[in-house]
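When reading the values below, keep in mind they use all heavy atoms of this one structure, side chains included, and skip hydrogens, waters and symmetry mates. Ligands are counted one by one from 1 in listed order, and the atoms in each one are counted from 1 as well. Remember, it's a predicted structure, so these values are computed and weren't measured experimentally. Position 1 is the first residue of the sequence; numbering continues from there.
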Amino acid sequence: MSDQPQLILGIESSCDECSAAVVQVAPFQSAQILGQATHSQIALHQPYGGVVPEIASRNHLETIQAMIDEALRQAGVRPEQLAAVAVTNRPGLVGALLVGVSVAKAFAYVFAKPLIAVHHLEGHLCSLFLTEQQSLRAEIAWPLLVLMVSGGHTQLYEIRQPPEHWPLEVLAESLLGQSRDDAAGEAFDKTAKMLGFPYPGGAWIEKTAQGGDPARFAFPRALAGRQTLDFSFSGLKTAVSLQVAQLRQANTLAAALPDLCASLQEAIVDALWHKIEQAYQRSPFGALAVVGGVAANQRLRERLAQGCQRLGVRQAVLAPELKFCTDNAAMIAAAGGFRLQQGNFLRPLEYLQLNATPNPARPRRPTVAAARR
Ligand code: KG4
Ligand code: ZN
């Protein structure tokens, strides 16, 4: 493991954020962000109510070089000074991923730098170890339970050690449970679409829920009484759509919107908390963290904090700053930097073969031994 600080260029283009960042990584310290430029495509996709893959890849192609130039400029770093290039190569929209992977390969090849292919979700985990989380990093009470709630994933991970020690299969080996169907983010987004809110809908639901009665509509909390640490949100979407149809018919939907959104939000937050509580009862954790776009939800944070206080969890709730909860290249650069320190990287001719993988094999179910822990 190198004990010298290393400069990493990170590139993220897996969905609708085109981002580049330069971070400095040193062993057992938080990755320091020296520069980051992100172009959000939300406005481009909004008219369609969701991400249009072809529009996403074309826009990445147009903006990615400007993001890289800007990140390097902010950092005051020349390409020659970089130790490596890290890029998200899985999972995501294949065309969008390919833009980042191709640009990263070309950049690394021209400047004769190693390349690290990063799993997007490992990047989200590493958002916990970015500079703004310095004190967090020093004091983590392992094991750390991480609730990953991005637009496409709802998962629980039990992380037992700092990223420098992570095995290559850290995601598969630490996974305790995940959604069997829709992600919590999708439950927010699909309901928002049903109600005519702009994409992405999570923040709109939260805003509309303010002042609403979370107990007015009894939406299901799937798998609540079951042993599994998996989640399920597709039934919730159906229950909400039936309720919306009823309210529309009675011409009372507009007036009921705050109660409807508050009840939906409460059902999602409740279902998430329930599995965290079950995980704690199975094997107490020292700290709880939440990462991914849905971590922006204040009701979720409040509920997790209250629950952890009741259980006596030592550290709760650790969460990256909001701008590092949503997709960004700093977390990818950090993940790449930790792998580089372990000696896990590709050399120039090796990475010419590297491909983008839209949907890698889902992490396997927890083993019986892991489930018992
Ligand atoms: O992690 P992220 O930026 O993108 C992915 O990697 O998928 O997550 C986006 C998700 C969307 O589903 C969005 O609706 C949700 O995060 N989200 C929220 C809030 N802000 C963003 N959900 C609930 N409440 C919010 N305030
Ligand atoms: Zn993400």
Decide, yes or no, whether a salt bridge links Glu54 with Arg58 under the criterion of side-chain N to carboxylate O below 4.0 Å. yes
May I ask you to check whether Asp327 has an N/O atom sitting below 3.5 Å from an N/O atom of ligand 1? yes
Report the member of Gln265, Glu206, Lys207 with the shortest heavy-atom distance to atom 26 (N) of ligand 1. Glu206
Provide, to 0.1 Å, the distance between atom 9 (C) of ligand 1 and the closest protein heavy atom, together with that atom's residue and name. Gly151 N, 3.6 Å
Report the protein N/O/S neighbours of the Zn ion (ligand 2) that fall below 2.8 Å; do not count waters. His120 NE2, His124 NE2, Asp327 OD1
Give the atoms of ligand 1, by number and element, whose distance to some non-hydrogen atom of Gly185 is under 4.0 Å. 12 (O)
Any heavy atom of Asp189 under 4.0 Å from ligand 1? The part involved is side chain
Name the closest protein heavy atom to atom 19 (C) of ligand 1, giving the residue it belongs to and the distance to 0.1 Å. Ala203 N, 3.6 Å
Could you tell me whether the side chain of Ile159 reaches within less than 4.5 Å of the side chain of Trp166, counting heavy atoms only? yes
Output yes when a side-chain donor or acceptor of Arg301 lies under 3.5 Å from a complementary backbone atom of Ala295, and no otherwise. yes
Tested for side chain to side chain contact (heavy atoms under 4.5 Å, CB included) against Leu304, the lone hit among Asn297, Val313, Val269, Leu288 is Leu288
With a 3.5 Å distance limit and no angle check, can you tell me whether Lys105 reaches the backbone of Leu115 through a side-chain donor-acceptor pair? no
Can you name the atoms of ligand 1, numbered from 1 with element, that are less than 4.0 Å from a heavy atom of Phe188? 22 (N), 23 (C)
Looking at atom 24 (N) of ligand 1, what's its closest protein heavy atom, distance included? Asn297 ND2, 3.1 Å
Val52 meets the side-chain contact (heavy atoms from CB on, under 4.5 Å) criterion, sequence neighbours left out, with His45, Tyr48, Ile55
Side chain to side chain contact (heavy atoms under 4.5 Å, CB included), paired with Leu156, selected from Leu175, Asp230, Leu272, Leu176: Leu176
Any atom of ligand 1 sitting under 4.0 Å from a heavy atom of Cys15? no
Provide the number and element of each atom of ligand 1 under 4.0 Å from a heavy atom of Gly152. 7 (O)
Provide the closest heavy-atom pair for Ala83 versus Leu340 in the form atom of the first, atom of the second, distance. CB-CD2, 3.9 Å
Where is the nearest protein heavy atom to atom 15 (C) of ligand 1: which residue, which atom, and how far? Val294 CG2, 3.8 Å
Within 6.0 Å of CD in Gln227, more than 12 heavy atoms from elsewhere: no
Quick one: which of Gly293, Gly292, Cys325 has a heavy atom closest to atom 17 (N) of ligand 1? Gly293
Taking the side chain from Asp181 and the backbone from Ser234, do they hold a donor-acceptor pair closer than 3.5 Å? yes
Between Gln278 and Arg226, is there a donor-acceptor pair closer than 3.5 Å when you use the side chain of the first and the backbone of the second? yes
Yes or no on salt bridge (Lys or Arg N to Asp or Glu O under 4.0 Å) for Glu277 and Arg310, after CA distance, side-chain angles and deciding distance? CA-CA 10 Å; Glu277 188 170 21; Arg310 190 164 46 77; 3.3 Å; yes
Those atoms of ligand 1 less than 4.0 Å from some heavy atom in Gly202: 14 (O), 18 (C), 19 (C), 22 (N), 23 (C), 24 (N), 25 (C)
Near Gln309 CD, under 6.0 Å, is it more than 12 heavy atoms from other residues, nucleotides or ligands? no
4.0 Å heavy-atom contact, His124 with ligand 1: yes
Under 4.0 Å from a heavy atom of His120: which atoms of ligand 1 are those, numbered in the order shown and with their elements? 6 (O)
